[in-house]
Novice: 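Quick one: structure below, then a few questions.
Naming: A, B, ... by sequence-line order, numbering from 1 per chain.
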Amino acid sequence: MALQTKVTRRSGPRLFFQTVIGRAYPRIIGTQRDLAWLFFDIFLPFLSMVAYVYIYRALKAPEEYIGFVVLGSAMTAYWLNILWAMSSQLYWEKETGNLALYIISPTSMMAILFGMASGGLFATTVRALVILVIGNWLFHVSYTVVSFWALFLVFVLTMAALYGLGMMLSSLFLLFNREAWHTANLLQAPVMLFSGFYFPVRVFGFWAAAAASIIPLTLGMDAIRQLVFPSGPLLGFLSVKVELIVLSILSVAFLFGAFYTLRLMERLAIRLGRITDRLG
Amino acid sequence: MTSTELSPDVRAKTSALQTMRTSAWLGWKIESNWTDPLIFAIYSIIRPISTAAILIVMYLVIRGGEFGQPDFVNMYIGNAFFILVGAAIQGVSFGILDDREHYRTLKYIYIAPIRVPVYLVGRSFGSILVAMFSVLITLLFGAFFLKIPIVFSEINWGLFFAAIVLGLLAMISLGIILGSWTLIIKNNAWSLGESLGAGLLIFSGAVFPLNILPAPLQWIGSALPISYWLALIRRALVPEIGRAYPMYTDVSDGRLILILLGFTLAYLVIAALVYKRLDFIARERGNIDMVSNY
């Protein structure tokens with residue numbers, strides 16, 4: 001006698017959160033199963049940090065700049081995650097044939113994006129923390145935290161805005177084919193330059209720094225530097241309070257932007273027939 | 001049927017040179033034809049300039065805008081030519097990954113009557129060509145906007161071309177070693193080339209002299225051909241400033257060329273051995289037609 005399995009159909013918020021958890025799961029659990037990530041995601045990016053630290057050492061820079069590099073390198077992990085595991089993700093999903101399955105499933109694409117973002121944020125935070133701890137230990141970086149609450153708030157808002165931007169970009173990347181890889185590649189170095197990953201962003205002057213602030217990491221890192229390094233406030237671009245307000249606006253704007261661009265691009269990509277194609 | 005079972009006539013038709021030429025053409029097409037030439041040119045300019053600009057700004061915030069200083073000139077030239085290192089090293093492994101994971105053609109390459117290592121080396125020429133263009137752009141940017149004192153008539157062209165040829169061979173050998181490793185790994189392979197490139201940046205003396213590093217790390221640098229290659233490039237392009245760079249100051253140009261030649265030959269042999277071994281393991285494990293979707 002065949003066993004009958006009762007299938008429970010989820011809908012509404014429950015389905016939404018179940019999708020978020022389902023999509024976050026492979027990023028949190030799956031990637032940890034292969035311990036090679038310790039070498040590839042921590043040791044190798046760590047080498048890049050060491051290179052920049054020694055450039056400052058060769059230039060006889062003040063020790064705080066070593067701290068800027070360590071902090072910047074930890075934050076690099078987030079930017080790389082946004083570029084390669086958020087923005088390009090729907091493109092990869094299209095290439096591997098999953099995207100069509102996502103779209104025909106009875107769940108929300110926003111939930112899938114939230115799942116990608118939350119899973120990526122968690123996994124990247126683990127990597128960033130390890131890089132930060134080893135960097136601090138190896139190069140004797142010292143911090144003077146002005147306010148832990150302000151620091152926490154800056155971090156949360158920066159990540160909300162950053163992953164909102166990533167969700168928005170992932171929709172835009174749906175229209176790409178081979179350009180996706182090159183676009184992500186192209187966005188890597190210029191953003192690391194103008195967001196001030198290794199130096200205070202105010203060196204570019206007000207307008208250039210203001211333009212660079214569209215990338216949440218610019219203001220996020222500037223605020224963090226002001227909150228954890230004694231010379232931070234002297235080298236800061238705007239006051240932490242103003243940066244918090246701008247980051248809040250960016251968070252909301254990017255999340256709404258992600259919602260609308262996803263709807264728009266999904267429609268457009270379906271119309272152009274680019275959801276299932278693999279043009280090479 | 002493997003290439004060894006083919007008649008000499010067929011093998012002669014697909015000579016190494018022919019394979020190299022065709023795969024280089026393929027590599028160039030893959031590198032460049034994803035967009036129109038104008039966007040490709042802009043893309044090729046923005047990337048190297050941004051990377052160089054990170055160093056320029058780091059120098060600017062610490063030392064001010066004195067870009068004619070020997071330490072900056074040496075750092076700038078080292079950084080510009082290091083672009084070639086990354087491209088040569090990544091070229092082979094990216095070729096393998098692209099053909100295996102993206103285009104899924106690596107298995108067909110393996111059963112074609114060609115020598116696979118020759119194909120892979122040729123395949124990397126596309127990225128090397130783009131990198132050469134990036135090096136040129138970076139140098140022109142430095143000469144025009146930062147007044148890097150590269151005087152055309154003072155360049156030692158003989159030394160320059162000898163260093164370029166030997167250096168490229170050495171770097172392609174490193175690329176084959178990395179590419180061979182790529183054959184047997186499933187996850188994270190995409191980031192391998194770039195990450196190892198960053199590692200080599202530390203040990204190559206490209207942007208700071210090796211004597212800044214702790215002694216054991218300096219030894220790693222001395223065992224790499226890149227540090228000798230970059231020293232020769234500096235001496236060829238800006239002879240006086242290049243010789244002032246605190247690396248191998250007591251070694252003559254001729255001796256440096258010989259050292260580079262020795263390392264290049266050694267790395268070619270190592271690359272051949274590593275490829276042979278890892279290629280066997282990859283075939284045994286069934287990695288050649290693997291799609292990891294990672």
Novice: Need one label for Y65(A): side chain, backbone, both or neither, based on atoms under 4.5 Å from any heavy atom in chain B.
Specialist: side chain
Novice: Between atom CD1 of I55(A) and atom CD1 of I62(B), what is the distance when rounded to the nearest 0.5 Å?
Specialist: 11.5 Å
Novice: So, for A51(A) and F208(B), which heavy atoms are closest and what is the spacing to 0.1 Å?
Specialist: O-CE2, 3.5 Å
Novice: For Y54(A), is it the side chain, the backbone, both or neither that has a heavy atom under 4.5 Å from a heavy atom of chain B?
Specialist: both
Novice: Work out which heavy atom in P190(A) is nearest to a heavy atom in I46(B); give both atom names and the distance.
Specialist: CG-CG2, 3.8 Å
Novice: Quick one: CG on L47(A) to CG on L200(B), what's the gap to the nearest 0.5 Å?
Specialist: 9.0 Å
Novice: Considering only heavy atoms, which portion of N33(B) lies under 4.5 Å from any heavy atom of chain A: side chain, backbone, both, or neither?
Specialist: both
Novice: Does any backbone or side-chain atom of F72(B) lie under 4.5 Å from a heavy atom of chain A? Answer side chain, backbone, both or neither.
Specialist: neither
Novice: For the pair Y43(B) and H182(A), name the ring-plane relationship: parallel under 30°, tilted 30 to 60°, perpendicular over 60°.
Specialist: perpendicular
Novice: Report yes if the side chains of I54(B) and Y52(A) come closer than 4.5 Å at any heavy-atom pair, otherwise no.
Specialist: yes
Novice: With chain B as the partner, which of L80(A), L186(A), V53(A) has the greatest number of non-hydrogen pairs under 4.5 Å?
Specialist: L186(A)
Novice: Counting only non-hydrogen atoms closer than 4.5 Å, does L55(B) touch chain A with its backbone (N, CA, C, O), its side chain (CB onward), both, or neither?
Specialist: side chain
Novice: Taking every heavy-atom pair that is under 4.5 Å apart, which of V57(B), D71(B), V207(B), L196(B) has the most such pairs with chain A?
Specialist: V57(B)
Novice: What is the distance from atom CZ of R47(B) to atom CG of N185(A), rounded to the nearest 0.5 Å?
Specialist: 5.0 Å
Novice: Which bit of L60(B) is near chain A, if near means a heavy-atom gap under 4.5 Å: side chain, backbone, both or neither?
Specialist: side chain
Novice: Atom OH of Y59(B) and atom OH of Y56(A): how far apart are they, to the nearest 0.5 Å?
Specialist: 13.5 Å
